[in-house]
There are 2 protein chains.
Amino acid sequence: MLHLDTHQPVFRALADPTRRAILKLLSKAPLRVNDIAEHFEMTRPAVAKHLDILEHAQLIATEKKGRERLNHLTPAPLAQAADWLSFFDHFWDQRLADLKTAVETSYDRDENR
Amino acid sequence: MLHLDTHQPVFRALADPTRRAILKLLSKAPLRVNDIAEHFEMTRPAVAKHLDILEHAQLIATEKKGRERLNHLTPAPLAQAADWLSFFDHFWDQRLADLKTAVETSYDRDENR
DNA sequence: TTGACAGGAAACCAAAAGGTTTTATTTATA
DNA sequence: TATAAATAAAACCTTTTGGTTTCCTGTCAA
């Protein structure tokens with residue numbers, strides 16, 4: 001079963017620690033590229049590339065005002081990542097259910113002995 | 001504030017679609033490297049490298065039985081990723097709260113007019 | 001005990017990622 | 001209107017990533 005992986009842009013965006021830090025930064029307030037770059041030990045063009053990747057994942061959007069461009073968070077796609085992870089919540093639950101069943105079964109055996 | 005990024009191994013592991021697919025595979029049952037490789041259009045060594053990365057993130061563990069080695073899921077570290085994402089749940093809530101406040105404030109102003 | 005099977009490991013490769021510096025381009029402002 | 005500010009864009013570089021092939025080692029079974 002090979003379908004298009006809609007999760008890829010988000011997970012790819014989240015793979016880099018700088019990008020994760022940028023998302024947290026932008027959760028406080030929209031910022032210009034230069035403002036963001038001040039928070040990191042790298043040049044503005046490097047930060048701009050990270051912003052491109054975040055924008056491609058639709059985790060941020062930009063608004064051009066004159067010669068400035070504000071980057072603001074659009075965190076909706078993070079729900080995709082959360083959804084993917086939630087599959088394993090179920091797995092946890094299932095493991096617990098299996099364990100419970102096993103325990104009860106062995107208890108039944110004990111009772112009938 | 002620059003601290004060690006404990007999330008990095010997990011997010012890095014999740015960045016690749018093959019690795020995400022492997023995790024889902026292993027959620028059904030433990031498998032040998034060869035079994036896993038059959039599910040993908042790549043060679044066994046390629047899969048083995050993905051397994052190395054998953055193991056480094058402690059998302060899987062292996063058990064050696066004779067000449068075979070079983071890979072099984074140890075999904076606990078996924079909670080780290082979920083935790084990180086949950087920060088943005090709060091952000092959502094805050095946005096909603098802000099919106100609610102804004103609406104009520106404007107409603108108050110309307111009332112007093 | 002000799003194959004065959006399962007996996008480990010090394011060498012290699014192309015492309016992508018993450019960064020740099022340099023050079024425009026557009027927009028405010030003194 | 002000339003200059004400074006903000007960013008965009010291009011060229012380039014190094015390291016990492018994701019894959020390959022080839023070979024080696026250990027274990028089971030005929």
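Below, read A as the first sequence line, B as the second, and so on, with proteins coming before strands; counting in each chain starts at 1. On a predicted model such as this, the values are computed, not experimentally measured, just so you know.
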Under 4.0 angstrom between Arg12(A) side-chain N/O and dA16(C) OP1 or OP2
no

On DNA chain C, does the nearest nucleotide to Lys49(B) precede the nearest nucleotide to Lys64(A) from the 5' side, or the other way round? Give the residue.
Lys49(B)

Checking His90(A) side chain against Ser86(A) main chain: does a donor-acceptor pair fall under 3.5 Å?
no

Could you state the atom-to-atom distance from CZ of Phe40(A) to C1' of dG18(C) in whole Å?
14 Å

Side chain of Arg32(B) - closest among dA28(C), dA11(C), dA6(C):
dA6(C)

Arg67(A) has its side chain closest, among dG18(C), dT7(D), dA5(D), to dA5(D)

Could you check which of dG18(C), dG19(D), dT7(D) has an atom nearest any side-chain atom of Arg69(A)?
dT7(D)

Rounded to whole angstrom units, what separation is found between the CZ atom of Phe11(B) and the C1' atom of dT16(D)?
20 Å

Determine: side-chain N/O of Asn34(B) to OP1/OP2 of dG7(C), distance under 4.0 Å, yes or no.
yes

Tell me whether Phe40(B) shares a hydrophobic cluster with Leu26(B), the cluster being built from Ile, Leu, Val, Met, Phe, Trp, Tyr side chains joined at under 4.5 Å.
yes

Reckon Thr43(B) has a side-chain N or O less than 4.0 Å from the OP1 or OP2 of dT20(D)?
yes

For Ile36(B) and dA6(C), what is the distance between atoms CD1 and P respectively, to the nearest whole Å?
14 Å

Interatomic distance where CD belongs to Glu68(B) and C1' belongs to dG26(D) [whole Å]:
13 Å

Output yes when a side-chain donor or acceptor of Arg19(B) lies under 3.5 Å from a complementary backbone atom of Ala13(B), and no otherwise.
yes

Here's a test of your reading of the structure: between Asp16(A) and Lys65(A), which maps to the more 5' nucleotide of DNA chain C?
Asp16(A)

Of all the nucleotides listed (dG18(C), dT21(D), dG19(D)), which has the minimum atom distance to the side chain of Pro45(B)?
dT21(D)

Look at the side chain of Arg19(B) and decide which nucleotide, out of dG18(D), dG7(C), dG19(D), has an atom nearest to it.
dG18(D)

Please report, rounded to the nearest Å, how far the C1' atom of dT20(D) is from the CE atom of Met42(B).
12 Å

Is the closest side-chain heavy-atom distance between Leu23(A) and Phe88(B) below 4.5 Å?
yes

Could you give the CG-to-P distance, from Asp35(B) to dC5(C), as a whole number of Å?
15 Å

Leu51(A) has an atom CG; how far is it from atom P of dG18(C), in whole Å?
13 Å

Comparing Val47(B) with Arg44(B), nearest DNA chain D nucleotide closer to 5' gives the residue Val47(B)

Can you measure Asn71(B) atom CG to dG8(C) atom P for me and round it to whole angstrom units?
8 Å

So which of Leu14(B), Val10(B), Leu85(B) actually passes side-chain contact (heavy atoms from CB on, under 4.5 Å) with Leu14(A)?
Leu85(B)

Taking dG18(C), dT7(D), dG7(C) as options, the one with an atom nearest any side-chain atom of His50(A) is dG18(C)

